[in-house]
Amino acid sequence: MLWDRPDAPDAPFVSSAFVALGSYYLNGIDGAVPKNEARARQVFTHAASYFGDAEAQYELGRMYQDNNHRMAVRWYNLAALKGHIGAQARLGETLYALGSSDKKKARGLMWMTVARQQAEGPEASWINAMHEQYFAVSPEPVRQMARSLADGWLQQNRPDVLTAQVPSQ
């Protein structure tokens, strides 16, 4: 069928439907859909792999967060590169926690900084809190490296965010 190809005009809608279905299985719906994490993972994996859906990639990262850091990083990274702000924050948190050197911790803090600079609305509060928590315990060289990396990433990928933060004179 034409509608199920990842390059079809309706593909974003089909992909969103898979993400919604995955969420239903992940959380369950009383009296309608039993909670089934294995099925949720299958549905999210299809949307994430076949359609490249950033929200599905983020959800997979969350599902792997506690038991398979490598897979969590993989899925978060794919979504983060597409601009998914929650994935950027969670990728940063995971990389920071796994970091065995200042450089690796700075890479994690960089992603949290990138997310914080873009976060708005309800997601801003948890991202800001996360960033503050990790920023507070980071040594100054790690903070400086993270700021530099974040500015470079934003300049290359989201110059509108940096421009909006420059005070007008």
Side-chain angles (χ1 to χ4, degrees), residues 1-98 107-131 134 149-150 152-165:
M1 292 188 171
L2 291 177
W3 59 268
D4 64 353
R5 290 191 349 241
D7 60 345
D10 290 343
F13 303 109
V14 175
S15 180
S16 291
F18 275 105
V19 172
L21 182 61
S23 296
Y24 299 152
Y25 280 120
L26 183 63
N27 302 310
I29 298 176
D30 288 337
V33 178
K35 185 175 179 176
N36 184 335
E37 289 185 27
R39 186 69 179 130
R41 183 172 292 139
Q42 289 176 328
V43 174
F44 285 138
T45 299
H46 180 70
S49 301
Y50 188 70
F51 292 99
D53 188 284
E55 185 65 25
Q57 292 165 343
Y58 171 69
E59 290 297 336
L60 283 168
R62 289 184 53 203
M63 291 182 84
Y64 285 112
Q65 180 77 41
D66 294 331
N67 58 7
N68 189 333
H69 296 299
R70 172 179 260 160
M71 289 297 286
V73 167
R74 175 183 183 239
W75 290 116
Y76 284 149
N77 187 59
L78 288 169
L81 292 172
K82 291 178 180 143
H84 192 287
I85 296 168
Q88 291 169 343
R90 295 287 182 205
L91 174 62
E93 178 184 42
T94 307
L95 291 175
Y96 191 97
L98 296 173
R107 176 66 67 182
L109 193 56
M110 175 216 80
W111 278 113
M112 286 185 261
T113 302
V114 164
R116 185 185 59 82
Q117 298 228 0
Q118 300 175 89
E120 297 175 345
E123 71 181 1
S125 60
W126 72 265
I127 291 173
N128 286 336
M130 176 192 292
H131 184 270
Y134 286 93
L149 290 168
W153 192 90
L154 286 166
Q155 191 169 31
Q156 188 171 24
N157 297 283
R158 291 291 310 270
D160 57 310
V161 172
L162 289 179
T163 304
Q165 294 174 1

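Just the heavy atoms: all of them, side chains too, but no hydrogens, waters or symmetry mates, feed the values below.
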Locate the shortest heavy-atom distance separating D53 from S15; write the atom from each residue and the value.
OD2-OG, 2.7 Å
With A124, which residues qualify under side chain to side chain contact (heavy atoms under 4.5 Å, CB included), at least two apart?
A119, N128
With F44 via ring-ring contact (aromatic ring centres under 6.0 Å, His included) - residues at least two apart:
none
State which residues pass salt bridge (Lys or Arg N to Asp or Glu O under 4.0 Å) with R62; sequence neighbours excluded, sorted by chain then number.
E59
Whether the side chain of N68 engages the backbone of Y64 through a donor-acceptor N/O pair (distance < 3.5 Å, no angle test) should be reported.
no
For D66, I'd like to know if atom CG has over 12 heavy atoms of other residues, nucleotides or ligands within 6.0 Å.
no
Can you name the residues that form a side chain to side chain donor-acceptor pair (under 3.5 Å) with R116, not counting sequence neighbours?
H131
My understanding is that only residues two or more places apart in sequence, or in another chain, count here; which of them pass side chain to side chain donor-acceptor pair (under 3.5 Å) with Q42?
R39
For a quick test of reading the model, state the closest non-hydrogen atom pair linking S125 to P122 and the distance between them.
OG-O, 3.3 Å
Can you give the donor-acceptor pairs under 3.5 Å from side chains of residues 83-91 to other protein atoms, not counting sequence neighbours?
unit_1, atom_1, unit_2, atom_2, d
H84, ND1, G86, N, 3.4
H84, ND1, A87, N, 3.0
H84, NE2, E55, OE1, 2.8
Q88, OE1, Q118, NE2, 2.8
Q88, NE2, A80, O, 3.1
R90, NH1, E93, OE1, 3.1

Short side-chain to backbone donor-acceptor contact, S49 and T45, under 3.5 Å
yes
Anything under 3.5 Å between a donor and an acceptor, one on a side chain of residues 17-35, the other on a protein residue two or more places apart or in another chain? List them.
unit_1, atom_1, unit_2, atom_2, d
S23, OG, V19, O, 3.1
N27, ND2, S23, O, 3.1

As a quick check of understanding, evaluate side chain to side chain contact (heavy atoms under 4.5 Å, CB included) for M112 and L109, giving each step before the final call.
CA-CA 5 Å; M112 286 185 261; L109 193 56; 4.2 Å; yes
For residues 73-83, which residue pairs pass the side chain to side chain donor-acceptor pair (under 3.5 Å) check, not counting sequence neighbours?
Q57-K82, Q65-Y76
Decide yes or no on side chain to side chain contact (heavy atoms under 4.5 Å, CB included) for V73 and L98, but give the supporting numbers first.
CA-CA 10 Å; V73 167; L98 296 173; 4.2 Å; yes
Go through the structure and list residues passing side chain to side chain donor-acceptor pair (under 3.5 Å) with Y96, not counting sequence neighbours.
S138
Inter- and intrachain pairs under salt bridge (Lys or Arg N to Asp or Glu O under 4.0 Å), touching residues 14-26, at least two apart:
none
